[in-house]
Amino acid sequence: MTRHTESSESAESTDSSESSEPTESEASYDRHRLRQWAAGRARAEGVARRDLLRLVAAAGLASTVPVALSAPRAAAAGPGIVKPLPPEWFIIHGTNAEARFESFADTGYTTPAARFFVRNHTTTPRIDAASWKLNIWGDGLTGRAREFTLADLRRFKPVTRTAFVECAGNARSFFATQQGRAGSGTPWTTGAIGVAHWRGVRLSDVLQKAGLSRRAVDIMPRGLDDEYVTSDGTSYGRVRRPMPVSKALDDVILAYEMNGSPLPPDHGYPVRLLAPSWVGISSIKWLGDIEVSTEPLYSPWNTDFYRLFGDAYPAEGSAPLTRQTIKSAFELPWNADLSAHTRHRLTGRAWSAGGAITRVEVSADGGASWRAARLHDRGQEGSWTRWSFPWKPTRTGPAELLSRATDSAGRTQPATTVHNTQGYLFGAVIRHAVTVSG
């Protein structure tokens, strides 16, 4: 597993080489987890009996594709979100708020909390930090459960990580608009992402203090937001999603600050998990407890949700999603009107969970030819790089602008992304429509 680089902006940050080495690769861990589940040696705590059939199907014990979940209850625009959502910055999707990607053009490298996208399963809880406690428990500890207050966490050596949080479904709408096959879920364009300086403490330090056993294989962080209930009355409990101990000991932190200030309510106050480079659901907000287990753990968020299902995948689906993909996008309104015979400075951002961005190319002729854009930041895995490109259009009418990124692992955005029914991990080149006027 590639280690994430800590920010050098904080004097209190330390070199990430002090973190414990991963004990098992993500891929081999997932294979081991699936075998244990199939043999009946894993637990799915908090899942109703009628939903176990779905989990069994997801684990490959049935030949049918898992039953699709019911849609969440209908809600008014932006219900339960605390911060203002001005329309020039946000697109409202029910309980979620997508950042308008073009609004990042004047924000600098990091995303201000006021403009950071919001992904809520229910509503933002209001939590009293003075009485908040984190409970760490389970048979993966050498002793009894331990509780930590916010003051306790602040006594650990602090670290700062600069990293994106990105919803697994970011850019989902392009499965429909570009490839003709929609994926279910929130129709994000490219704004379900933001980059921040996150300050907190290493989860590895806290787990060691709590008495982490060498037999532990999984942790399960759980949020303090309301239970997630679908329109048919099925309750999936509070949002929770397991991860291997190898990831927890590598680069995960318990964050209590965002861009130098306490976490805002919508972004996890008082403490959230931050799992760099992994899909956003792994970075649990409003952290309340962490189970540590000697057995693989399951929840709906790594069985019914956040796996790949569809024609290209086996009936049991893919392994639970971990790392995000590679993307790039223009900081330009969709269908922007640009003047012909005028030199325009096009700007954008590119990011990858698998390596630093090393190259961005732009095409102004639908992909027939490509030219290199100028990069404005040193590439960093799990964060983004700003770029710019000069363009002087000569023909009027509709046009498409394309950008494609390449990272240090040699990955380049493809022309298409293999379809999956829930619309996760879209990483293909996006065709950005504009109009050139005379």
Side-chain angles (χ1 to χ4, degrees), residues 1-10 13-27 29-30 104 108-111 116 159-168 170-171 190 192-200 202-204 243-244 246-253 255 258-259 272-283 320-329 348-361 373-387 403-414 417 424-428:
M1 182 183 301
T2 305
R3 193 173 306 282
H4 189 279
T5 304
E6 293 178 5
S7 169
S8 60
E9 295 194 9
S10 170
S13 295
T14 57
D15 186 83
S16 60
S17 62
E18 295 180 8
S19 301
S20 301
E21 287 295 329
T23 58
E24 191 172 14
S25 75
E26 293 163 17
Y29 169 82
D30 285 327
F104 293 160
Y109 186 80
T110 57
T111 309
F116 215 96
V159 294
T160 299
R161 299 196 191 284
T162 301
F164 65 65
V165 172
E166 182 182 14
C167 181
N170 195 26
T190 52
I193 184 174
V195 169
H197 298 314
W198 308 95
R199 188 170 186 263
R202 291 185 181 89
L203 177 56
S204 60
M243 69 171 58
S246 58
K247 175 65 174 178
L249 297 181
D250 180 32
D251 58 359
V252 177
I253 69 171
M258 179 183 185
N259 293 334
R272 73 175 297 165
L273 204 80
L274 178 73
S277 295
W278 277 32
V279 291
I281 187 62
S282 303
S283 294
L321 300 184
T322 55
R323 288 184 178 270
Q324 256 291 354
T325 186
I326 182 171
K327 293 187 183 73
S328 62
R349 302 182 188 226
W351 59 98
S352 173
I357 295 298
T358 57
R359 183 177 177 85
V360 174
E361 299 165 285
R374 179 185 176 188
L375 305 185
H376 296 280
D377 302 295
R378 185 174 65 181
Q380 178 180 324
E381 178 185 320
S383 191
W384 57 23
T385 296
R386 293 170 294 177
W387 52 267
S403 65
R404 68 182 181 192
T406 299
D407 67 20
S408 57
R411 299 177 182 89
T412 297
Q413 287 181 264
T417 296
Y424 294 135
L425 302 186
F426 186 92

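As the structure is a computational prediction, the values presented were derived from the model and not from experiment. Quick note: residue numbers are just sequence positions, from 1.
- Between Val165 and Leu274, some side-chain heavy-atom pair lies under the 4.5 Å cut-off.
- Thr358 is linked by a side-chain contact (heavy atoms from CB on, under 4.5 Å) to Thr406, Ser408, counting only residues two or more places apart in sequence or in another chain.
- Remark: Glu166 pairs with Asn170, Lys327, Trp351 by the side-chain hydrogen bond (donor to acceptor under 3.5 Å, both in side chains) rule, at least two apart or across chains.
- With hydrogens and angles ignored, the 3.5 Å screen pairs no side-chain donor or acceptor of Thr160 with any backbone N or O of His197.
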Check the pair Arg199, Val159 against side-chain contact (heavy atoms from CB on, under 4.5 Å), reporting the backbone distance first and the verdict last.
CA-CA 6 Å; Arg199 188 170 186 263; Val159 294; over 6 Å; no
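- Scanning both residues, Ala196 and Met258, for their nearest heavy atoms gives CB-CG, 4.0 Å.
- Nearest heavy-atom pair, Gly194 versus Thr111, reported as atom, atom and distance to 0.1 Å: CA-OG1, 3.5 Å.
- Both tests do not hold together for Arg161 against Trp198: distance to the six-membered ring centre under 6.0 Å, angle to the ring axis within 45°.
- Partners of Arg404 by salt bridge (Lys or Arg N to Asp or Glu O under 4.0 Å), not counting sequence neighbours, listed by chain and number: Glu361.
- Applying the side-chain hydrogen bond (donor to acceptor under 3.5 Å, both in side chains) rule to Asn259 yields no partners; only residues at least two apart in sequence or on another chain are considered.
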Can you check side-chain contact (heavy atoms from CB on, under 4.5 Å) on Arg272 and Ser283, steps first, answer last?
CA-CA 7 Å; Arg272 73 175 297 165; Ser283 294; 3.6 Å; yes
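- You'll find the side chain of Leu273 reaches within 4.5 Å of the side chain of Met243, heavy atoms only.
- A donor-acceptor contact shorter than 3.5 Å links the side chain of Arg323 to the backbone of Ala353.
- Trp384 pairs in a side chain to side chain contact (heavy atoms under 4.5 Å, CB included) with only one of the listed residues (Ile193, Ile357, Asp377), which is Ile193.
- Residues that satisfy the side-chain contact (heavy atoms from CB on, under 4.5 Å) test with Leu375, not counting sequence neighbours, are Val360, Thr385, Trp387.
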For a ring-ring contact (aromatic ring centres under 6.0 Å, His included) check, start with the C-alpha distance between Phe164 and Trp278, then their side-chain angles and the critical distance, and finish with the verdict.
CA-CA 9 Å; Phe164 65 65; Trp278 277 32; over 10 Å; no
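- Judged by distance alone, with hydrogens and angles left aside, the side-chain atoms of Ser352 form no donor-acceptor pair with the main-chain N or O of Asp407 at under 3.5 Å.
- Looking only at distances, a side-chain donor or acceptor of Gln413 sits under 3.5 Å from a matching main-chain atom of Gly427.
- Ile253 has its side chain out of reach of Leu203: every pair of non-hydrogen atoms, C-beta onward, lies at least 4.5 Å apart.
- Between Tyr109 and Phe104 the shortest side-chain heavy-atom distance does not fall below 4.5 Å.
- Under the side-chain hydrogen bond (donor to acceptor under 3.5 Å, both in side chains) criterion, Ser403 pairs with Ser328, not counting sequence neighbours.
- With values rounded to the nearest 0.5 angstrom, Thr417 atom OG1 is found 8.5 Å from Leu425 atom CG.
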